[in-house]
2 protein chains.
Amino acid sequence: MRIGELAELAGTSTRTLRYYESRGLLPARRDGQGHRTYDEGDLRMLRQIRMLRDFGFELEETRPFVDCLRAGHPAGDSCPSSLAVYRRKLAELDGLIGQLADVREQVARQLSAAEAAAREAAGEPAAPRCEMTG
Amino acid sequence: MRIGELAELAGTSTRTLRYYESRGLLPARRDGQGHRTYDEGDLRMLRQIRMLRDFGFELEETRPFVDCLRAGHPAGDSCPSSLAVYRRKLAELDGLIGQLADVREQVARQLSAAEAAAREAAGEPAAPRCEMTG
DNA sequence: GTACGGCTTGACGTGGACGTCAGGGCAAGA
DNA sequence: TCTTGCCCTGACGTCCACGTCAAGCCGTAC
């Protein structure tokens with residue numbers, strides 16, 4: 001199949017496929033007219049890439065999965081290097097989620113304090129605070 | 001004070017201050033030599049900006065806080081528009097954290113499945129799965 | 001005199017994953 | 001023959017918050 005068909009099957013754009021090729025991630029054969037030609041294996045690799053990108057993986061992080069498929073393995077994550085990427089990503093996600101949760105709490109505290117100050121400035125009695133710490 | 005001193009006091013760079021001025025966020029007076037001049041109020045505004053940026057706020061989102069300080073309020077979050085930004089940010093953080101948690105679970109499942117497949121391919125008996133769903 | 005430090009403006013570089021446009025080729029259908 | 005549709009390459013644009021470099025001015029210390 002040609003580039004337009006593959007792009008449509010994978011729900012992406014031809015520009016994206018040319019970009020992946022320029023990165024050496026998804027090279028294409030060429031037909032007599034110099035047009036890119038793909039097969040079912042390419043579709044599988046592309047779908048693997050898109051799934052991981054939807055998870056927030058960077059393009060380079062998908063390379064082990066693609067290489068794994070190209071090596072003939074049944075799935076992109078059948079290889080140790082792919083599992084290593086999974087584990088790194090899990091750790092990264094855990095760190096990020098924890099960090100965001102911290103920020104969330106800080107922002108929530110700022111908001112509460114500012115709301116309390118606003119109420120007090122409006123003449124309301126200082127509201128009792130649960131678990132006052134000082 | 002001049003730009004270098006302010007930058008150091010706030011732990012940032014002169015380039016950053018010029019950038020903020022170009023965005024209309026932190027305009028500066030000029031002295032006889034055309035050098036930028038700042039005062040304590042500017043330092044407070046700058047610190048407000050940096051705190052919010054550390055929280056992950058975009059630069060534009062800090063504008064209501066700066067405007068609030070400039071209007072003479074005791075704190076950058078003493079104004080309704082600042083509180084609105086806080087609330088929007090909390091909702092955004094909640095959404096993002098939830099999304100990341102979903103992704104984390106999906107990646108974790110992919111990893112477990114791939115590990116199980118690898119063990120099985122290695123000749124181990126299929127491990128019993130807790131809470132099998134199908 | 002001159003070296004130095006701080007300041008000025010202007011403008012290009014960074015990163016990631018593409019979007020978009022320009023200019024051109026090739027084949028099939030009306 | 002002309003249009004339509006798909007493809008090609010090359011190259012600039014996008015977003016955001018700056019980093020970095022260039023060229024030059026000004027005051028001060030040596």
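Throughout, protein chains are lettered first and strands after them, A, B, ... in sequence-line order, and every chain is numbered starting at 1.
Atom-to-atom, CZ of A:R29 to P of D:dC8 comes out at 13 Å; the value is rounded to the nearest Å. We find that CZ of B:R63 is positioned 14 Å from C1' of D:dA17, with the value rounded to whole Å. What separates CD1 of B:I3 from C1' of D:dC18 is a distance of 13 Å, to the nearest Å. Atom pair B:R2:CZ and D:dT28:C1' shows a separation of 11 Å (rounding to whole Å applied). In this structure, B:D31 places its CG atom 18 Å from P of D:dC25, rounding to the nearest Å. D:dA17 atom P lies 10 Å from atom CG of B:L25, rounded to whole Å.
Nearest approach of B:L25 to B:T62, heavy atoms of both residues: CD2-OG1, 3.5 Å.
Residues A:M45 and A:F57 are members of separate hydrophobic clusters, defined by side-chain heavy-atom contacts under 4.5 angstrom among Ile, Leu, Val, Met, Phe, Trp and Tyr.
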Exercise for review: Let me see the working for B:D39 and B:R44 under salt bridge (charged side-chain N to carboxylate O under 4.0 Å, His left out), right down to the final yes or no.
Suggested key: CA-CA 9 Å; B:D39 59 20; B:R44 292 192 61 206; over 6 Å; no
Practice item. Go through A:L46 and A:Y20 one step at a time and tell me if the side chain to side chain contact (heavy atoms under 4.5 Å, CB included) criterion holds. Key: CA-CA 9 Å; A:L46 179 53; A:Y20 290 173; 3.8 Å; yes
Please tabulate, one pair per line, all N/O donor-acceptor pairs under 3.5 Å involving side-chain atoms of residues 100-110 of chain B, not counting sequence neighbours.
{"from": "B:R104", "atom 1": "NH1", "to": "A:D94", "atom 2": "OD1", "distance (Å)": "2.7"}
{"from": "B:R104", "atom 1": "NH1", "to": "A:D94", "atom 2": "OD2", "distance (Å)": "2.8"}
{"from": "B:Q110", "atom 1": "OE1", "to": "A:Y86", "atom 2": "OH", "distance (Å)": "3.3"}

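Side-chain N/O atoms of B:R36 include one lying less than 4.0 angstrom from OP1 or OP2 on C:dT8. In terms of phosphate contacts, B:R18 brings no side-chain nitrogen or oxygen within less than 4.0 Å of OP1 or OP2 of C:dA11.
Of the possible donor and acceptor atoms, one in the side chain of A:S82 sits under 3.5 Å from a partner among the backbone N and O of A:G76. At least one donor-acceptor pair closer than 3.5 Å links the side chain of A:R47 to the backbone N or O of A:L9. Checking side-chain atoms of A:H73 against main-chain N and O of A:S78 turns up no donor-acceptor pair under 3.5 Å.
For B:R2, the side-chain contact (heavy atoms from CB on, under 4.5 Å) test picks out B:D31, B:H35, with sequence neighbours left out.
A salt bridge links B:R63 with B:E60; the closest basic N to acidic carboxylate O contact falls under 4.0 Å.
At its two ends the helix from C:dG1-D:dC30 to C:dA30-D:dT1 runs along axes set 50° apart, each axis drawn from five pairs and the angle rounded to 10°.
Residue pairs meeting the salt bridge (Lys or Arg N to Asp or Glu O under 4.0 Å) criterion with at least one partner in residues 68-80 of chain B, sequence neighbours excluded, are B:D67-B:R70.
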Identify all pairs in which a protein N or O lies below 3.5 Å from an N or O of nucleotides 24-27 of chain C, and state each distance.
none

Revision key, fill the gap. Counting primed atoms, P, OP1 and OP2 as sugar-phosphate and everything else as base, the B/S/- map of nucleotides 14-22 of chain C against protein heavy atoms under 4.0 Å is ---BBBB--
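Within the 4.0 angstrom heavy-atom criterion, no nucleotide atom of any strand lies near A:R23.
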